[in-house]
2 protein chains.
Amino acid sequence: MDIRTLCLGLLTFGEATGYEIKKAFQDRMSMVYDASFSSIYPSLNRLTKEGLVSCRAESQSRRPDRKVYSITPAGREEFLKEIHNAPAADKFRSDFLATLMFSHLLQPGNVSRLIDNQIMDYRQKKDELSQGCGMKQSQSEQFLCGFGVTMYQAAIEYLEQNRHLIEAPAPVRAPAKQSVK
Amino acid sequence: MDIRTLCLGLLTFGEATGYEIKKAFQDRMSMVYDASFSSIYPSLNRLTKEGLVSCRAESQSRRPDRKVYSITPAGREEFLKEIHNAPAADKFRSDFLATLMFSHLLQPGNVSRLIDNQIMDYRQKKDELSQGCGMKQSQSEQFLCGFGVTMYQAAIEYLEQNRHLIEAPAPVRAPAKQSVK
DNA sequence: TATCACTATATCGGACCGATATATATCGAT
DNA sequence: ATCGATATATATCGGTCCGATATAGTGATA
């Protein structure tokens with residue numbers, strides 16, 4: 001699912017400018033997807049050329065035109081086709097966890113500080129999301145929101161309960177046999 | 001943290017070819033990061049030019065040279081500096097959840113099938129990861145692995161316990177006027 | 001003997017992001 | 001009254017990264 005398709009999808013909720021679509025990405029999809037202007041504006045231009053959206057330019061005195069985009073029947077049809085495709089696998093990237101892969105190159109104090117900060121970050125994101133949850137109207141959005149909160153909570157608990165595994169100094173012995181499975 | 005830096009990091013564990021680095025990404029970092037050959041090979045070339053890795057070409061009869069890369073002292077220093085930077089925020093993308101944002105455009109049966117498949121996917125990935133967990137030697141890797149398993153488990157449980165929210169038919173009322181804002 | 005999976009390299013086109021540029025408007029702080 | 005921050009609103013450039021594709025030998029399995 002590319003940004004172009006997602007823009008089309010957001011326009012099924014009503015007409016919008018590129019700027020408003022960017023806000024929609026942040027407000028209702030932040031935990032699931034994000035997109036920058038450098039993807040949104042070209043997408044909108046392409047969708048217009050393809051006839052999947054129409055563009056009404058509101059000229060404003062001494063300001064650049066406000067371009068309001070609406071989805072066309074052809075666009076609606078196209079989007080409907082797209083969301084019936086099997087979704088691609090989730091993608092997750094974490095610089096934090098990548099750094100921890102190399103925790104043997106860091107001082108113990110640094111590892112602890114890293115984990116403390118990450119927990120704080122997760123907590124803050126979870127709180128922001130929780131607050132936003134109440135504002136959402138649709139069931140879909142509530143569901144999405146709840147998913148995000150759950151994941152942050154799980155991450156926080158895991159870090160708290162298992163941080164000792166990489167904070168403790170490595171046992172100086174011949175490596176013990178690990179019980180496989 | 002870009003792929004180039006991560007390649008440098010993986011070389012702190014020992015010398016490797018580009019192909020082996022790709023395998024390392026899949027075997028020990030899959031749930032945290034991934035990289036394709038189209039990123040790895042150029043990264044290795046650039047690191048060589050920069051003097052952060054050295055390259056020993058093992059010429060093989062009737063096959064392209066096997067290029068074995070090793071990290072240099074300068075590379076080690078550079079990487080150490082890099083992992084002391086504050087890590088960027090996690091990034092998560094889910095076509096599955098994005099699709100669910102538009103579940104009002106799908107038939108209830110399709111939504112259920114989508115969720116069933118996703119749960120199956122998560123279960124499979126979790127099992128693969130669990131199995132791999134036993135094989136890992138270092139505490140860091142055990143920790144990473146456990147993190148992944150925990151997250152998959154949390155996702156599965158959330159989907160199972162909350163799917164009714166979007167599977168249930170929406171209450172039939174006058175449709176409120178919506179906008180993307 | 002054919003097919004598959006693995007080792008091993010590399011590039012092209014395209015998707016996407018971060019930084020930057022350009023204006024104006026509004027609102028609170030100094 | 002002015003200053004800085006934030007918001008509205010557009011758009012592009014350089015660069016990173018991925019998916020698809022190309023090439024080619026080896027060994028195992030069917």
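Naming convention: chains lettered A, B, ... in sequence-line order (proteins, then strands); numbering from 1 in each chain.
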Report the distance from atom [atom1] of [X] to atom [atom2] of [N], rounded to the nearest whole Å.
X	N	atom1	atom2	answer
A/Asp2	C/dA15	CG	P	7 Å
B/Met29	D/dC17	CE	P	13 Å
B/Arg4	D/dC18	CZ	P	15 Å
A/Arg56	D/dA9	CZ	P	12 Å
A/Asp34	C/dA15	CG	P	19 Å

- prompt: Is the backbone of A/Val32 close enough, under 3.5 Å, to the side chain of B/Ser94 for a donor and an acceptor to pair up by distance?
  reply: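 Looks like no, no N/O pair under 3.5 Å.
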message: Tell me if a side-chain donor or acceptor on A/Thr5 pairs with a main-chain N or O of A/Met1 at a distance below 3.5 Å.
response: no
query: For DNA chain C, what residues of residues 6-26 of chain B have any heavy atom nearer than 4.0 Å?
result: B/Thr17, B/Gly18, B/Tyr19, B/Lys23
message: Can you pull out the residues from residues 35-47 of chain A that lie within a 4.0 Å heavy-atom distance of DNA chain C?
response: A/Ala35, A/Ser36, A/Ser38, A/Ser39, A/Arg46
message: Tell me whether the rings of B/Phe37 and B/Tyr41 are parallel (<30°), tilted (30 to 60°) or perpendicular (>60°).
response: parallel
- request: Measure the acute angle between the ring planes of B/Tyr158 and A/Phe147, then classify it against the limits of 30° and 60° as parallel, tilted or perpendicular.
  value: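 It falls in the perpendicular class, over 60°.
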Heavy-atom side-chain proximity of B/Leu10 to B/Met29 below 4.5 angstrom: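 Side-chain contact under 4.5 Å: yes.
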query: Has A/Arg28 got its NZ or CZ under 6.0 Å from the middle of the six-membered ring of A/Phe13, at an angle within 45 degrees of the ring axis?
result: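 The answer is yes; both the distance and angle limits are met.
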- prompt: Any side-chain donor paired with an acceptor under 3.5 Å for B/Ser140 and A/Ser103?
  reply: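 B/Ser140 vs A/Ser103: donor-acceptor pair found between side chains.
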- request: Using a cut-off of strictly less than 4.0 Å, decide whether B/Arg93 has a side-chain nitrogen or oxygen near OP1 or OP2 of C/dC17.
  value: yes
query: A/Lys67 has a side chain; which of D/dG19, D/dT10, D/dT16 sits nearest to it?
result: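 Nearest listed nucleotide: D/dT10.
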task: Taking side chain to side chain contact (heavy atoms under 4.5 Å, CB included) as the test, write out the residues that go with A/Arg93, two or more places apart.
output: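 By the side chain to side chain contact (heavy atoms under 4.5 Å, CB included) rule, A/Arg93 matches B/Ile3, B/Tyr33, B/Lys91.
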